[in-house]
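Step one of this worksheet: look at the structure below.
The basis for the numbers below is simple: all heavy atoms, side chains too, and nothing from hydrogens, waters or symmetry mates. Order of appearance sets the numbers: ligands from 1, and atoms from 1 within every ligand.
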Amino acid sequence: MVSRVIPVDAFDLVIFGATGDLARRKILPALFRRFAEGQMPPEARVIGAARSDLDRVGFQAMVSEAFDEFMGDTAPDAKSRASFIEMLDYVTVDAASDQGWSDLATKIRPDVVRAFYFSVGPSLFGALAAQLGKFSLISPDTRIVVEKPFGNDLASARALNQTLAAHFNEQQIYRIDHYLGKETVQNLMAVRFANVLFEPLWNARFVDHVQITVAESVGIGGRGDYYNRAGAMRDMVQNHMMQLLCLIAMEPPYCFEPDAVRDEKLKVINALDPVLARDIVRGQYQAGAESASFHEDIGAPDSQTESYIALKVGISNWRWKGTPFYLRTGKRLRARASEIAVTFRDPPHSIFGETVPWRTNVLVIRLQPDEGMTLRVMIKEPGPGGMRLKDVALDMSFAEALGEDAHIPDAYERLIMDVIRGNQTLFMRGDEVEAAWAWTDPIIAEWQKTAESPEPYDPGSSGPENALMLMHRDDRRWREIR
Ligand code: BG6
């Protein structure tokens, strides 16, 4: 088989916050996997940078421990681990002072791609950017990578954009939404724009409604403080679910280039209707037999933050006016299951009388787990008894259809390599993030106005009762979370 791994150019990648959770859990294991696949050239260097007083050897040991802790069965063997670790270096730096910066500057090579990963809280973005400028570390070819949360509302997101814009141009800023790095999320574009089948039907005339579900079975883990400030709306809807909605709803970009794609996503966000209080259901998980309640997890008995949210969203443009998009996401639900279900309208007239069941053509795209696609279609039930109809599933599991090629790399692997390649297609542009907040802020203000408490729901359930009503009252129903 011809290798499809195209090595990237030599690079220096500096990870600020290299001793933190994200670096140890995601960024460094992702880099290792790309290294093991042969995508990182031998001249690549990864420089950890943090306040911790470590040296190169100490950092290498920390990374090796992180592999054992977070990579499970896929943790590297001694030989490949040793070669990867050779690429690592470390420097102690403090964003708030000049300590360590000259040291860092001496480690950066002039003639290779240069990327700085800000794996730190947004409050440090400004200081880091300023220090990079002060120590002449910003070349025209320099890139920075920033993580969510990119702001907490429109004003803070704008302020962050301005802070970064003082030192970098937009082409140098890579805002990560890790959902865009997921293979199955990218596949949404392939399904829509590499096939002719769906596009003629992909509009309000033929689509009754769309359901986007991102259900998680875990609770909020140890992130109580952050989550209490964010809630499901800011944590999942403003970013990840918004991206899914954009990819499903956008017009075909004229080519697969960063701005062509991002322009189309932005148009969708700008066309989103405001959401009324009656179209929002928020919930909080209760304690279960073996699990704590949301309030206990968060350590705040009065918290009004939601661990679940369901919304009915309208898009005011020619393609989608009249087709609602129902979004739901939550913690401690029945299963970990993310999918998009496009439910088509009934045939305009049934020549078989009234026997046709209700809204049967549904295209389900399963994002995780059990990645795949199902199309439900009507057939005649075989045998006597007249023209009896039945809906069946044309079902494709990517694992079965693609065999060993179905291996799905972690989102960070793809995204970090794209940073080095200089491809921004799967990263959010500044105006996109601001537009998403401009839509989100009034929704949050709307429920703050009503001061209604989130509705309790049982752990392991499919969410609050009222979320079911959100669909029932429109004569529709959610798909089961399994
Ligand atoms: C993160 C959220 O961005 O995405 C988490 O902060 C959430 O709360 C996670 O659990 C979900 O990501 P994934 O890749 O597990 O679906």
Side-chain angles (χ1 to χ4, degrees), residues 17 20-27 29-30 33 70-72 117-122 145-152 157 174-188 212-247 282-285 291 294 297-298 303 305-310 327-340 365-372 408-416 426-428 432-433 436-437 440 454 459 463 481-482:
D21 193 60
L22 179 72
R24 292 184 311 124
R25 189 185 289 271
K26 290 286 184 187
I27 303 172
R33 287 194 208 96
F70 297 116
M71 292 177 77
Y117 201 128
F118 290 12
S119 179
V120 295
V145 187
V146 295
E147 279 284 340
K148 76 176 257 268
F150 198 85
N152 192 48
Y174 288 72
R175 296 177 195 79
I176 287 203
D177 182 312
H178 80 279
Y179 265 56
L180 287 175
K182 288 182 190 271
E183 287 287 325
T184 45
V185 173
Q186 293 165 54
N187 192 44
L188 295 174
I212 305 181
T213 300
V214 178
E216 295 185 276
S217 50
V218 292
I220 51 144
R223 301 190 306 157
D225 276 354
Y226 155 75
Y227 201 91
N228 198 21
R229 275 177 279 119
M233 184 71 194
R234 289 187 173 98
D235 185 49
M236 294 296 290
V237 179
Q238 185 271 346
N239 36 73
H240 306 325
M241 298 194 76
M242 175 71 81
Q243 292 298 326
L244 298 179
L245 172 67
C246 284
L247 296 179
R282 299 190 311 131
Q284 281 177 341
Y285 57 81
S291 58
F294 178 70
D297 276 345
I298 223 140
S303 169
T305 302
E306 73 286 352
S307 60
Y308 174 99
I309 188 162
L327 274 46
R328 65 177 162 166
T329 183
K331 304 277 187 196
R332 280 246 193 282
L333 295 176
R334 184 170 302 142
R336 174 173 187 255
S338 300
E339 62 165 42
I340 296 172
I365 305 169
R366 293 189 299 279
L367 303 177
Q368 62 188 26
D370 185 22
E371 294 79 1
I408 297 189
D410 185 75
Y412 279 87
E413 296 178 42
R414 166 68 193 257
L415 293 175
I416 299 171
L426 301 176
F427 296 82
M428 291 177 301
E432 215 183 314
V433 179
W437 280 119
T440 305
I481 295 176
R482 310 183 246 221

Protein residue, atom and distance nearest to [atom], heavy-atom basis:
| atom | value |
| --- | --- |
| atom 9 (C) of ligand 1 | E216 OE2, 4.1 Å |
| atom 6 (O) of ligand 1 | D235 OD1, 2.6 Å |
| atom 5 (C) of ligand 1 | R223 NH2, 3.1 Å |
| atom 14 (O) of ligand 1 | K182 NZ, 2.6 Å |
| atom 12 (O) of ligand 1 | H178 NE2, 3.2 Å |

Those atoms of ligand 1 less than 4.0 Å from some heavy atom in [X]:
| X | result |
| --- | --- |
| H240 | 1 (C), 3 (O), 4 (O) |
| K148 | 1 (C), 2 (C), 3 (O), 6 (O) |
| K331 | 5 (C), 7 (C), 8 (O), 10 (O) |

Backbone or side-chain N or O of Y227 under 3.5 Å from ligand 1 N or O
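In fact, backbone or side chain, Y227 has no N or O that close.
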
Considering both backbone and side-chain atoms of Y226, is one of its nitrogen or oxygen atoms within less than 3.5 Å of a nitrogen or oxygen in ligand 1?
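Looking only at distances, the answer is no, because the N/O contact criterion of under 3.5 Å is not met.
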
Test D297 against every option in R332, Q284, R223 by the side chain to side chain contact (heavy atoms under 4.5 Å, CB included) rule and name the one that passes.
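Of the listed options, the one satisfying the test is R332.
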
Touching ligand 1 at all, Y179? Heavy atoms, strictly under 4.0 Å?
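Yes, Y179 has a heavy atom closer than 4.0 Å to ligand 1.
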
Ligand 1-proximal atoms of R336, by part, heavy-atom distance under 4.0 Å
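Within the 4.0 Å criterion, R336 contacts ligand 1 through side-chain atoms alone.
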
Should the pair Y285 and F294 be assigned to parallel (<30°), tilted (30 to 60°) or perpendicular (>60°) ring geometry?
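Judged by the thresholds at 30° and 60°, the geometry between Y285 and F294 is perpendicular.
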
Hey, what's the ring geometry for H240 with H178, parallel, tilted or perpendicular (30° and 60° as the breaks)?
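It falls in the perpendicular class, over 60°.
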
Do you know the tightest heavy-atom contact between S119 and L22?
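So the two residues come closest at OG-CD2, 3.5 Å.
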
Taking everything shown except D225 itself, do over 12 heavy atoms lie less than 6.0 Å from its CG?
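Count not over threshold, so no.
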
Less than 4.5 Å apart, side chain to side chain, heavy atoms only: is that true for K182 and L367?
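Counting from C-beta outward, K182 and L367 never come under 4.5 Å.
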
From CA spacing to verdict: side-chain contact (heavy atoms from CB on, under 4.5 Å), Q243, V185:
CA-CA 9 Å; Q243 292 298 326; V185 173; 5.9 Å; no

Basic-acidic side-chain contact under 4.0 Å: K331, E216:
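Looking at E216 together with K331, the answer is yes, because their closest N to O distance falls below 4.0 Å.
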
